[in-house]
K.L.:
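Before I ask anything, here is the structure I am working with.
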There are 2 protein chains.
Amino acid sequence: MRTVNPQKVEIRKREIVEAAKICFEQRGFHSTTMAEICAKASISPGALYRYFDSKESIIAAMAEDDQFRAMQSFKSALSEIQNGADFFQTMDKLLDDVVTNYCTKEQGAMAAELISEAMRNPIFAESCSRAYMDLHSHFCAILECGQKLRHIDESLNIAEAATMIMASVDGMVLRMAFCGDVSNIEASRWLKNFCQRYLSPKSQTQSQIKNRA
Amino acid sequence: MRTVNPQKVEIRKREIVEAAKICFEQRGFHSTTMAEICAKASISPGALYRYFDSKESIIAAMAEDDQFRAMQSFKSALSEIQNGADFFQTMDKLLDDVVTNYCTKEQGAMAAELISEAMRNPIFAESCSRAYMDLHSHFCAILECGQKLRHIDESLNIAEAATMIMASVDGMVLRMAFCGDVSNIEASRWLKNFCQRYLSPKSQTQSQIKNRA
DNA sequence: ATTCATAAAACGAACATTCGTTCTCTTTAT
DNA sequence: ATAAAGAGAACGAATGTTCGTTTTATGAAT
């Protein structure tokens with residue numbers, strides 16, 4: 001008698017997720033039909049439903065994939081810096097990584113789609129939120145290294161800075177996606193410049209003193 | 001014989017858009033049904049279709065409304081500063097305005113929804129893009145005033161700064177919407193602090209010199 | 001002021017279509 | 001021989017839109 005092959009199942013699942021991702025990027029979660037995903041993955045509806053029990057679970061699987069990949073970038077940046085790499089060089093690399101991998105119209109569309117999905121679905125929101133927190137804490141660790149090395153202003157709160165920078169990157173990704181007025185090269189340069197100006201130690205000015213009070 | 005009353009038509013249209021907005025904020029564009037909008041606006045489907053010829057056109061009307069309101073904030077800030085108001089005070093006020101009016105779960109959901117909608121629908125994208133450009137150019141004008149007054153680093157490119165700040169604000173709005181770890185008070189303070197650090201003139205440091213090259 | 005004719009405004013049941021999912025049957029690998 | 005894997009037609013619920021009908025407001029005529 002025939003036995004189930006877990007490896008082949010895993011491969012098929014990944015194929016389906018990949019196909020779905022392409023569809024979602026092109027037409028969004030709501031507009032892509034199961035029929036389209038089936039066509040792209042060369043599988044029948046009946047067969048597909050042996051691997052995923054709903055459209056939603058395909059979306060969830062895809063989101064987890066993305067989150068995993070983003071985390072990889074952060075983890076490698078953190079280990080680099082912990083092994084003595086130059087802080088700003090590592091930051092620049094991380095930003096370049098983000099810009100090249102996420103600053104496409106498709107990825108931007110995806111991000112917006114994911115956010116609006118998370119907004120309605122509590123289970124989905126939980127997962128996104130936790131993923132974000134994870135990235136945030138890793139980024140905090142990176143920034144703390146920078147602060148120890150005196151590349152980041154001592155008076156700057158790390159959690160605040162991490163949130164601000166991540167928000168800026170996200171905002172830029174979305175901006176670039178739906179408004180073609182910024183190139184990847186500009187985005188990358190602007191983000192680096194922003195990080196440097198925002199993070200680097202400053203001489204005490206009137207406004208600084210006022211601000212810290 | 002009876003004649004059409006353009007004023008009443010306008011009022012009814014606005015009622016419908018208001019009702020739709022509440023529905024959209026709660027459940028998103030795709031999930032809210034025409035039936036729900038009809039119920040909220042106390043109107044029958046047949047009657048509603050005398051005012052808007054599709055669900056999409058209601059969404060478009062609502063988006064225009066939002067764009068108009070955002071523009072008002074920017075215009076008033078610009079005129080304030082042109083009439084001699086303190087630059088950072090005006091900026092702070094503008095940021096407070098944004099945080100109080102847009103940093104809600106509902107508005108965040110809305111923003112994400114609008115972006116993902118713009119991503120598919122070219123006509124919609126055009127309108128959003130133009131609105132964004134308008135805001136951007138007004139914001140540039142505001143920043144130029146600040147630069148003339150020496151509150152903004154001379155070496156900073158204004159278009160770049162405007163894009164960065166707007167992206168940061170957008171990113172923060174979205175972040176706050178789907179991840180409840182930042183309060184309005186923090187967001188407001190962090191954004192102000194960010195603007196000050198990012199914009200204010202800096203003493204020449206090594207990294208600065210390197211960056212400008 | 002009252003009545004009447006007419007078109008605007010509203011109603012709401014019904015339509016047509018779309019689409020996620022299921023079910024039964026066939027094929028295939030072990 | 002048997003169970004996994006796949007196919008694809010069909011189902012049924014959901015929903016944007018339409019259409020025939022009814023109600024209501026308005027301006028002209030009495």
Side-chain angles (χ1 to χ4, degrees), chain A residues 1-63 113 116-117 120-121 123-124, chain B residues 1-63 113 116-117 120-121 123-124:
Chain A
M1 56 213 81
R2 199 180 170 185
T3 56
V4 37
N5 183 335
Q7 211 170 356
K8 285 205 171 178
V9 168
E10 217 42 54
I11 289 169
R12 206 85 174 92
K13 278 185 115 172
R14 213 166 319 160
E15 282 172 0
I16 293 168
V17 170
E18 287 305 317
K21 186 170 185 172
I22 293 168
C23 295
F24 289 150
E25 284 175 352
Q26 285 172 346
R27 322 213 311 113
F29 292 154
H30 288 88
S31 300
T32 72
T33 66
M34 291 304 257
E36 285 169 344
I37 296 173
C38 288
K40 194 59 129 183
S42 303
I43 197 174
S44 67
L48 186 147
Y49 273 84
R50 293 179 45 79
Y51 297 96
F52 292 96
D53 57 17
S54 67
K55 189 180 179 181
E56 207 168 83
S57 64
I58 298 178
I59 295 173
M62 196 215 57
E113 206 79 45
S116 68
E117 203 58 25
R120 322 287 166 203
N121 184 338
I123 297 169
F124 204 59
Chain B
M1 52 213 83
R2 199 179 169 183
T3 56
V4 35
N5 183 336
Q7 210 170 357
K8 285 204 172 181
V9 168
E10 217 41 56
I11 290 170
R12 205 89 174 89
K13 279 185 117 172
R14 214 167 317 163
E15 282 172 359
I16 293 168
V17 170
E18 288 303 317
K21 186 170 185 173
I22 293 169
C23 295
F24 289 150
E25 284 175 351
Q26 287 172 346
R27 320 212 312 114
F29 292 156
H30 288 87
S31 299
T32 71
T33 66
M34 290 304 257
E36 286 170 342
I37 297 173
C38 287
K40 193 59 129 185
S42 303
I43 197 175
S44 69
L48 186 148
Y49 273 82
R50 291 179 45 79
Y51 297 96
F52 292 96
D53 57 18
S54 68
K55 189 180 179 181
E56 207 168 83
S57 64
I58 298 178
I59 295 173
M62 195 213 57
E113 206 80 46
S116 68
E117 204 59 26
R120 323 287 164 204
N121 184 336
I123 297 170
F124 204 58

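Naming convention: chains lettered A, B, ... in sequence-line order (proteins, then strands); numbering from 1 in each chain.
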K.L.:
Take B:Val17 and B:Lys13 through the side-chain contact (heavy atoms from CB on, under 4.5 Å) test and state the conclusion after the steps.
P.N.:
CA-CA 6 Å; B:Val17 170; B:Lys13 279 185 117 172; 5.5 Å; no
K.L.:
Determine, stepwise, if the pair A:Tyr51 / A:Glu10 fulfils side-chain contact (heavy atoms from CB on, under 4.5 Å).
P.N.:
CA-CA 9 Å; A:Tyr51 297 96; A:Glu10 217 42 54; over 6 Å; no
K.L.:
I need a per-nucleotide contact map over nucleotides 19-30 of chain D, read 5' to 3'. Cutoff is protein heavy atoms under 4.0 Å; write B for the base, S for backbone only, - otherwise.
P.N.:
B----BBBS---
K.L.:
Quick one: A:Glu10 CD to D:dA5 P, roughly how many Å, whole number?
P.N.:
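So the CD-P distance, A:Glu10 to D:dA5, works out to 12 Å.
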K.L.:
Take the protein atom CG of A:Leu48 and the nucleotide atom P of C:dT21, then report the distance between them rounded to whole Å.
P.N.:
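Distance check: A:Leu48 CG to C:dT21 P gives 10 Å.
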K.L.:
Nearest whole Å is fine: how far is C:dT21 C1' from A:Ile58 CD1?
P.N.:
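Whole-Å distance recorded here is 12 Å.
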K.L.:
Between C:dC11 and B:Arg50, is there an OP1 or OP2 to side-chain N/O distance shorter than 4.0 Å?
P.N.:
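Result: no.
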K.L.:
Taking the inter-plane angle between the rings of B:His30 and A:His30 on a 0 to 90° scale, is it parallel (under 30°), tilted (30 to 60°) or perpendicular (over 60°)?
P.N.:
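Plane angle under 30°, so parallel.
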K.L.:
Can you find a pair of side-chain heavy atoms, one from A:Glu117 and one from A:Glu113, that are under 4.5 Å apart?
P.N.:
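Result no, sub-4.5 Å side-chain heavy-atom pair not found.
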K.L.:
Between B:Ser44 and C:dA10, is there a side-chain N or O to OP1/OP2 distance below 4.0 Å?
P.N.:
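Checking C:dA10 against B:Ser44, no side-chain N or O comes under 4.0 Å of OP1 or OP2.
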K.L.:
From C-beta outward on B:Lys55, which listed nucleotide comes closest to its side chain: D:dT17, C:dT21, C:dA9?
P.N.:
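Closest nucleotide among those given: D:dT17.
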K.L.:
I need the CD-P distance between A:Gln7 and D:dA5, as an integer number of Å.
P.N.:
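The distance from CD of A:Gln7 to P of D:dA5 comes to 13 Å, rounded to the nearest Å.
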K.L.:
Among D:dA5, C:dA8, D:dT17, which nucleotide sits nearest the side chain of A:Val4?
P.N.:
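Ranking D:dA5, C:dA8, D:dT17 by closest atom to the A:Val4 side chain puts D:dA5 first.
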K.L.:
Counting any heavy atom closer than 4.0 Å, what does B:Thr32 reach on the DNA or RNA strands: base, sugar-phosphate only, or nothing?
P.N.:
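Since only primed, P, OP1 and OP2 atoms lie under 4.0 Å of B:Thr32, the category is sugar-phosphate.
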K.L.:
Say you draw a straight line from CD1 of B:Ile22 to OG1 of B:Thr32; how long is it, rounded to the nearest 0.5 Å?
P.N.:
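If we round to the nearest 0.5 Å, B:Ile22:CD1 and B:Thr32:OG1 are 12.0 Å apart.
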K.L.:
Do A:Glu15 and A:Arg12 meet the salt-bridge criterion of a basic N to acidic O distance under 4.0 Å?
P.N.:
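A salt bridge links A:Arg12 with A:Glu15.
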K.L.:
Whole Å only: how far is the CZ atom of A:Phe24 from the C1' atom of C:dG20?
P.N.:
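Computing the A:Phe24:CZ to C:dG20:C1' distance gives 12 Å.
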K.L.:
Which side-chain N or O atoms in residues 33-40 of chain B pair as donor and acceptor under 3.5 Å with protein atoms at least two apart or in another chain?
P.N.:
unit_1, atom_1, unit_2, atom_2, d
B:Thr33, OG1, B:Ala35, N, 3.4
B:Thr33, OG1, B:Glu36, N, 3.1
B:Glu36, OE1, B:Thr33, N, 2.9
B:Glu36, OE2, B:Arg27, NE, 3.2
B:Glu36, OE2, B:Arg27, NH2, 3.0

K.L.:
In whole angstrom, what separates A:Ile37's CD1 from D:dG8's P?
P.N.:
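Going from CD1 in A:Ile37 over to P in D:dG8 covers 18 Å.
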K.L.:
Between D:dT17 atom P and B:Glu56 atom CD, what is the distance in whole Å?
P.N.:
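Interatomic distance, CD of B:Glu56 to P of D:dT17: 9 Å.
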K.L.:
Using whole Å, report how far OH of A:Tyr51 lies from P of C:dG20.
P.N.:
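After rounding, the gap between these two atoms is 20 Å.
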